[in-house]
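Everything below concerns the one structure shown next.
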There are 2 protein chains.
Amino acid sequence: MKKANKILVTRLYRYRDAIYRMKYMGLVKVFSENIADAVGVTSSQVRKDFSLFKLSGNKRGGYVIDDLLKKMNESLGKNRTQDVIIVGCGHIGTALKLYKGFEKKGIRIVAGFDIDESKVTRDAKVPILPFQELSQFIKTKKIKIGILAVPETAAQQVLDQMVQAGIEGILNFAPMRLSHQENVVVNNVNLGLELETIIYFVGEIEKKQYEEK
Amino acid sequence: MKKANKILVTRLYRYRDAIYRMKYMGLVKVFSENIADAVGVTSSQVRKDFSLFKLSGNKRGGYVIDDLLKKMNESLGKNRTQDVIIVGCGHIGTALKLYKGFEKKGIRIVAGFDIDESKVTRDAKVPILPFQELSQFIKTKKIKIGILAVPETAAQQVLDQMVQAGIEGILNFAPMRLSHQENVVVNNVNLGLELETIIYFVGEIEKKQYEEK
DNA sequence: GATATAATGTGAATATATTCACATATACTA
DNA sequence: TAGTATATGTGAATATATTCACATTATATC
Ligand SMILES: NC(=O)c1ccc[n+]([C@@H]2O[C@H](COP(=O)([O-])OP(=O)(O)OC[C@H]3O[C@@H](n4cnc5c(N)ncnc54)[C@H](O)[C@@H]3O)[C@@H](O)[C@H]2O)c1
Ligand SMILES: NC(=O)c1ccc[n+]([C@@H]2O[C@H](COP(=O)([O-])OP(=O)(O)OC[C@H]3O[C@@H](n4cnc5c(N)ncnc54)[C@H](O)[C@@H]3O)[C@@H](O)[C@H]2O)c1
């Protein structure tokens, strides 16, 4: 595999998702162009990405969905389920904890943690545990992935503690840049920023239409 | 302004955010390198981006924060607040509705909508209204921006209706590609995909460390 | 079985994005 | 007020990402 490239990997997960949908629609074979249309890229982009990931099909015959998915699952890893914890069970944390959609992607939320004792629910199917138990839990259960949904003011400190205990990948909702060693993977979701850029481009569109008159 | 470029605009919002933080820390002037460090890019990236947005400072003297913010707010628009609606007040929709952080970015959630009558709360500060009133509300209040947080199965249809009524920008949480005319701005937040890529790269890191031994 | 057709796979070409590097202007020092 | 150090602003260079275009080869047809 070539240099690990986030944008490329992200597209491959999108392709896989689209191909699963096609499978469930009853299709047996797909062409690069079908996948491209479903995901919103060009067919040469799909073929180039597949090429970089050593995913091959049949000249003229397209790709046999079951074979392709098998190979994709080998490279993208769907064979084992991944255990994930949520730190901060407020509004966002709770929404994620209750979401059913992660399971079918092999992602299992195994516990939440919160500093607020009143949120603790030990015997729920997915328990919320007190924050003091976080490090121990990560260590004994060998958890690698965590969702960080605490207030901005606590985020850096909580991240450090998670990493200290053994977490290697974090999905962060606090709208700020967190510092971390480069062997930790941090993806930021900044919803305010998403809205701001939408607002910007909506304004731009209006401006453009005006100019075109 | 040059060709509207999403990645560039996004960085500019990040810069602005960082500069506001510096202002609140009491700073009066900044250098491109300070901004770069805060956001995690190079200083030439900052200067190039500023250049493209006609944001200028003082040779040798860096940027006077108040002047810079004034100019940024002119190009990025923070002078008027933007009204936004949420369609689908389930887990995610409710979390967003209750979030306090949007206000200070000039984003005001003015109403939620849900098809489930039991969620309707007409006299809350930010009411949840029945879905049937959506189109009328968008039209009379001239709402341009909406957050889409309904189940996947309903997302396309609801988007179409929103656009039909006058919405021009949408933040979509349903994990699927939605089709729309190109004069509508749609940003997708796909949290499952975010987690999948984190899991992938955490796996890659482990693999790499193994290879390095 | 021979032939025509159509889709893959991939280097080469192009487009886009980032970084370099330095001439320029200006704030500070003495 | 002259001299110097230093950060900007931006073309040019480089790096990264996408698209083109076509040789290749499997499938379908006759
Ligand atoms: N809710 C949203 O829609 C939204 C939108 C954009 C960004 N965010 C960001 O997501 C993060 C969470 O937002 P929220 O709305 O869920 O906040 P929230 O206040 O509802 O929840 C935060 C939770 O974290 C817990 N907590 C606080 N300090 C902690 C600590 N040190 N360790 C463990 N838990 C701790 C609190 O008890 C609370 O339950 C914030 O950083 C916020 O800026 C949220
Ligand atoms: N909750 C999460 O953490 C999470 C994570 C990733 C993706 N998502 C996606 O976000 C979306 C919302 O997820 P959720 O967990 O909030 O779901 P949810 O079921 O909690 O909420 C959906 C809400 O939409 C309402 N609704 C259904 N059809 C509607 C319609 N036609 N018009 C208006 N309202 C309608 C329902 O009554 C419900 O209140 C889904 O597409 C989901 O896949 C959610």
Side-chain angles (χ1 to χ4, degrees), chain A residues 1-16 18-19 22 27-72 75 177 182 197 201, chain B residues 1-16 18-19 22 27-72 75 177 197 201 204:
Chain A
M1 184 140 352
K2 295 282 290 280
K3 184 175 29 144
N5 177 307
K6 185 168 162 182
I7 188 171
L8 166 63
V9 170
T10 301
R11 275 202 306 266
L12 280 153
Y13 280 102
R14 286 189 201 279
Y15 299 156
R16 187 175 69 176
I19 295 161
M22 291 170 187
L27 299 190
V28 173
K29 281 172 38 173
V30 278
F31 301 129
S32 59
E33 192 147 344
N34 305 138
I35 302 169
D37 289 346
V39 172
V41 299
T42 63
S43 64
S44 41
Q45 181 84 80
V46 173
R47 295 200 302 278
K48 172 68 79 177
D49 290 345
F50 278 13
S51 173
L52 294 169
F53 258 73
K54 306 265 185 290
L55 297 167
S56 59
N58 313 299
K59 285 253 163 70
R60 166 129 199 214
Y63 305 83
V64 174
I65 286 184
D66 283 336
D67 297 354
L68 182 56
L69 286 174
K70 189 145 166 279
K71 282 196 253 175
M72 292 187 99
S75 356
R177 185 179 153 73
E182 65 172 303
T197 61
F201 285 110
Chain B
M1 183 136 355
K2 296 282 291 278
K3 183 176 30 145
N5 177 308
K6 185 168 165 183
I7 187 171
L8 167 62
V9 170
T10 301
R11 274 201 307 265
L12 280 153
Y13 280 102
R14 286 189 202 279
Y15 300 156
R16 186 174 70 177
I19 295 161
M22 291 170 186
L27 299 189
V28 172
K29 282 169 40 170
V30 278
F31 300 130
S32 59
E33 192 148 344
N34 305 138
I35 302 169
D37 289 346
V39 173
V41 300
T42 64
S43 65
S44 43
Q45 181 85 80
V46 173
R47 294 200 302 279
K48 173 67 80 176
D49 290 346
F50 279 12
S51 172
L52 294 170
F53 258 73
K54 306 264 186 288
L55 298 167
S56 58
N58 312 299
K59 285 251 162 73
R60 170 138 194 204
Y63 306 82
V64 174
I65 287 184
D66 283 336
D67 297 353
L68 183 56
L69 286 174
K70 190 147 166 280
K71 282 196 253 174
M72 293 187 98
S75 1
R177 185 178 152 73
T197 61
F201 285 111
E204 280 296 292

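These numbers were taken from a predicted model, which means no experiment stands behind them. Letters go in sequence order (proteins before strands), and every chain restarts at 1.
- The interatomic distance linking A:Lys71 (NZ) with C:dG9 (C1') rounds to 12 Å, in whole Å.
- Distance from the side chain of B:Tyr63 is smallest for D:dG9 among the nucleotides D:dT19, D:dG11, D:dG9.
- Look at CZ on B:Arg11: it is 15 Å from P on C:dT16, rounded to the nearest Å.
- Put simply, the side chain of B:Lys54 and the base of D:dG9 share no donor and acceptor less than 3.5 Å apart.
- An OP1 or OP2 oxygen of D:dA17 is reached within less than 4.0 angstrom by no side-chain nitrogen or oxygen of A:Gln45.
- Ranking C:dT10, D:dT27, D:dT24 by closeness to the A:Arg60 side chain, first place goes to D:dT27.
- The nearest pair of heavy atoms linking B:Leu55 to B:Ser75 is CD2-OG, 4.3 Å.
- Per the geometry, CG belonging to A:Leu55 stands 13 Å off P belonging to C:dT8, to the nearest Å.
- Side-chain polar atoms of B:Asp49 and B:Tyr15 form a donor-acceptor pair below 3.5 angstrom.
- Going from atom CG of B:Leu52 over to atom P of C:dT19 covers 14 Å, rounded to whole Å.
- Each of C:dC28, D:dG9, C:dG11 was ranked by its minimum atom distance to the side chain of B:Arg47; first place goes to D:dG9.
- Where B:Lys29 and B:Lys48 each meet DNA chain C at their nearest nucleotide, the meeting point lying more 5' is that of B:Lys48.
- The closest side-chain heavy-atom distance from A:Thr10 to B:Thr197 is below 4.5 Å.
- When distances are taken from the side chain of A:Ser32 to each of C:dT10, C:dT8, C:dT19, the shortest belongs to C:dT8.
- Relative to the side chain of B:Lys59, the nucleotides C:dT24, C:dG11, C:dC28 differ in distance, and C:dT24 lies closest.
- Remark: B:Ser44 is not in phosphate contact with C:dT18, judged by side-chain N or O atoms under 4.0 Å from OP1 or OP2.
- Within the 4.0 Å cut-off from OP1 or OP2 of D:dA7, not a single side-chain nitrogen or oxygen of B:Asn58 is found.
- Side chains of B:Val41 and B:Arg11 form a contact here, defined as non-hydrogen atoms less than 4.5 Å apart.
- The CG atom of B:Leu8 sits 11.0 Å away from the OH atom of B:Tyr13 when rounded to the nearest 0.5 Å.
- Closest to the side chain of A:Phe31, from the set C:dA7, D:dT8, C:dT18, is C:dA7.
- Rounded to an integer number of Å, the gap from A:Phe50 CZ to C:dG11 P is 18 Å.
- Residues B:Tyr63 and B:Ser32 have side chains in contact (heavy-atom distance under 4.5 Å, counting atoms from C-beta outward).
- Per the geometry, CG belonging to A:Leu12 stands 12 Å off P belonging to D:dT18, to the nearest Å.
- Rounded to an integer number of Å, the gap from CD of B:Glu33 to C1' of D:dT6 is 12 Å.
- Nearest-nucleotide assignment on DNA chain C puts the 5′-proximal partner with A:Ser43, out of A:Ser43 and B:Ile7.
- For A:Lys6 and C:dA17, the NZ to P distance is 17 Å, given to the nearest whole Å.
- The nearest heavy atom of DNA chain D to A:Gly61 and to A:Asp49 marks one nucleotide each, and the one closer to the 5' end goes with A:Asp49.
- Within the 4.0 Å cut-off from OP1 or OP2 of D:dT19, at least one side-chain nitrogen or oxygen of A:Thr42 is found.
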